[in-house]
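Note that this is a predicted model, so its numbers are computed, not measured.
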Amino acid sequence: MRHSSVQPPADLPALLEHWIAAGVITPEQAARMRADVGPSMPPASPETEHRQASLAIEALGYLGSVLIVVASLLLASEYWDDLSTVGQLIIIGGAAGTLLLAGFVVPERLGRAGTRMHAVLWLGATVATAGLLGLFGDEVLGWYDEDLALLVFVGVTALAAALWWRLPTALQQAAVVAGLAGAAGAAAAEFHARADQLPGLAIWGVGAIWFVLGWGGIVLPRWTALLLGGFGLMIGSGMTMPADGGIVVALTTVTALVVLAVLARDLLVLALGAWGALQFLPIAINEWFPGEVAAAIALLVAGGLLVSVAIWIARRRGVTPQTGVVRRDYGVIPAEIARVASVAVAVAVTTAIIVLGIT
């Protein structure tokens with residue numbers, strides 16, 4: 001094979017590894033580049049070798065964790081019923097404590113691979129803690145339904161928030177949002193109201209607050225906050241249906257997301273709105289305008305509009321107007337406005353739940 005006569009940069013191996021990880025090039029393309037450079041290819045830098053070793057350690061850690069979980073499940077399935085409640089609590093508590101401690105002892109020198117292992121281990125500890133609280137509330141306290149759910153989700157939220165403060169990763173943030181949403185839904189269910197939509201409204205409120213905080217750059221990373229908040233909005237909206245009020249909430253939420261996506265030229269927000277439209281439009285059409293033809297036409301129109309918006313956003317992103325007019329950036333709102341808006345949402349949703357719950 002003919003080799004290039006151009007002297008490659010000294011950091012080419014590190015660049016190739018970075019491009020592979022970022023998805024810019026494939027491993028096959030990187031191999032062809034190395035072959036083209038030939039003997040002039042500089043040796044791998046210590047950073048590259050360290051990164052490869054870290055990835056290998058990370059892979060072994062994940063594999064070992066999976067084997068431990070599978071073995072534990074197999075053993076539990078054989079002897080779980082023979083154990084006392086105390087024994088069951090010790091086993092689950094031991095698993096939670098082991099995962100929590102393992103996250104603390106992951107060496108920092110592993111870099112990003114260590115951070116990912118850290119996050120996964122602590123997420124496992126959070127899940128195990130949920131199981132521990134659920135077993136304790138059921139077998140020891142005798143709680144059930146919304147009382148048991150409230151105990152589990154409040155405990156999970158407290159642990160997840162502490163771990164997120166210690167390690168602000170997307171996984172820990174997801175655990176916090178899931179805990180808050182579950183706790184809010186369980187608290188709303190305590191009213192035992194005739195309106196079954198109260199838990200959904202509470203979850204919608206958590207999603208709206210988190211979305212606004214992410215939009216204002218208060219909760220980072222921004223894309224994670226928007227995604228988790230959007231999931232909360234969609235799940236909460238879905239739980240309020242098919243009541244007429246729930247349909248209005250769902251369609252209003254979808255419309256707001258699509259409008260925001262257009263203003264901010266944000267494809268992630270548009271994807272959330274599109275997902276909501278696919279979920280909620282058929283239900284709304286069947287409830288308000290029964291008939292398969294009406295539902296099909298509504299989906300066809302909505303799909304065409306969403307595709308058009310997606311193409312417009314994709315074409316306009318990164319385009320700077322040449323008119324000299326300063327365009328307002330809707331991608332991020334001021335933090336002060338985000339705080340006020342989140343408090344307003346919390347007050348409004350809480351008031352609505354209390355009023356609906358006592359009437």
Side-chain angles (χ1 to χ4, degrees), residues 60-106 116-167 169-193 196 198-203 206 228 231-232 235-236 239 353 357:
L60 290 174
Y62 291 149
L63 179 60
S65 300
V66 170
L67 293 177
I68 291 173
V69 170
V70 172
S72 300
L73 291 176
L74 290 176
L75 291 173
S77 64
E78 291 290 334
Y79 303 106
W80 187 257
D81 293 335
D82 299 330
L83 294 173
S84 64
T85 300
V86 175
Q88 294 173 349
L89 289 172
I90 291 175
I91 290 177
I92 299 180
T98 300
L99 291 170
L100 187 65
L101 179 62
F104 276 111
V105 300
V106 172
R116 289 192 294 268
M117 287 185 63
H118 211 155
V120 171
L121 289 170
W122 278 0
L123 180 63
T126 305
V127 174
T129 300
L132 176 65
L133 291 173
L135 181 63
F136 180 79
D138 182 25
E139 297 293 336
V140 178
L141 300 179
W143 293 1
Y144 55 91
D145 295 341
E146 58 272 3
D147 296 331
L148 180 60
L150 189 60
L151 170 66
V152 171
F153 283 117
V154 168
V156 165
T157 303
L159 175 61
L163 296 179
W164 183 40
W165 174 80
R166 178 68 175 78
L167 187 71
T169 64
L171 285 179
Q172 271 59 59
Q173 185 181 152
V176 171
V177 175
L180 286 173
E190 292 284 355
F191 282 100
H192 300 284
D196 297 332
L198 294 187
L201 182 59
I203 295 174
V206 172
L228 294 174
F231 281 152
I235 294 173
M239 292 177 63
I353 291 174

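Here the shortest heavy-atom pairing between P199 and G185 reads CB-O, 3.6 Å. The shortest heavy-atom contact between M239 and G200 is CB-CA, 3.6 Å. Among all heavy-atom pairs drawn from A188 and I353, the shortest one is CB-CG2, 4.1 Å. Of all the heavy atoms in V206 and V177, the pair that sits closest is CG1-O, 4.4 Å.
Listed by first then second residue, pairs satisfying side chain to side chain donor-acceptor pair (under 3.5 Å) with a partner in residues 83-106 number zero, not counting sequence neighbours.
For D81, the CG atom sits in a loose shell: 12 or fewer heavy atoms of surrounding residues, nucleotides or ligands are nearer than 6.0 Å. Annotation: F104, atom CZ; neighbour count of heavy atoms from other residues, nucleotides and ligands within 6.0 Å is above 12.
Taking the side chain to side chain contact (heavy atoms under 4.5 Å, CB included) definition, one finds that A119 meets it with L167, T169, L171, Q172, sequence neighbours left out. Partners of T157 under the side chain to side chain donor-acceptor pair (under 3.5 Å) rule, at least two apart in sequence or in another chain, do not exist in this structure. Residues meeting the side chain to side chain contact (heavy atoms under 4.5 Å, CB included) test with A178, sequence neighbours left out: none. With sequence neighbours left out, I91 forms a side chain to side chain contact (heavy atoms under 4.5 Å, CB included) with W80, L83. The side chain to side chain contact (heavy atoms under 4.5 Å, CB included) check on A174 picks up L228, with sequence neighbours excluded.
Note that the CD1 atom of I203 and the CZ atom of F231 stand 14.5 Å from one another [nearest 0.5 Å].
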Taking distance alone, no hydrogens or angles, what donor-acceptor pairs closer than 3.5 Å link side-chain atoms of residues 124-145 to residues at least two apart or in another chain?
from: T126; atom 1: OG1; to: W122; atom 2: O; distance (Å): 2.9
from: T129; atom 1: OG1; to: A125; atom 2: O; distance (Å): 2.8

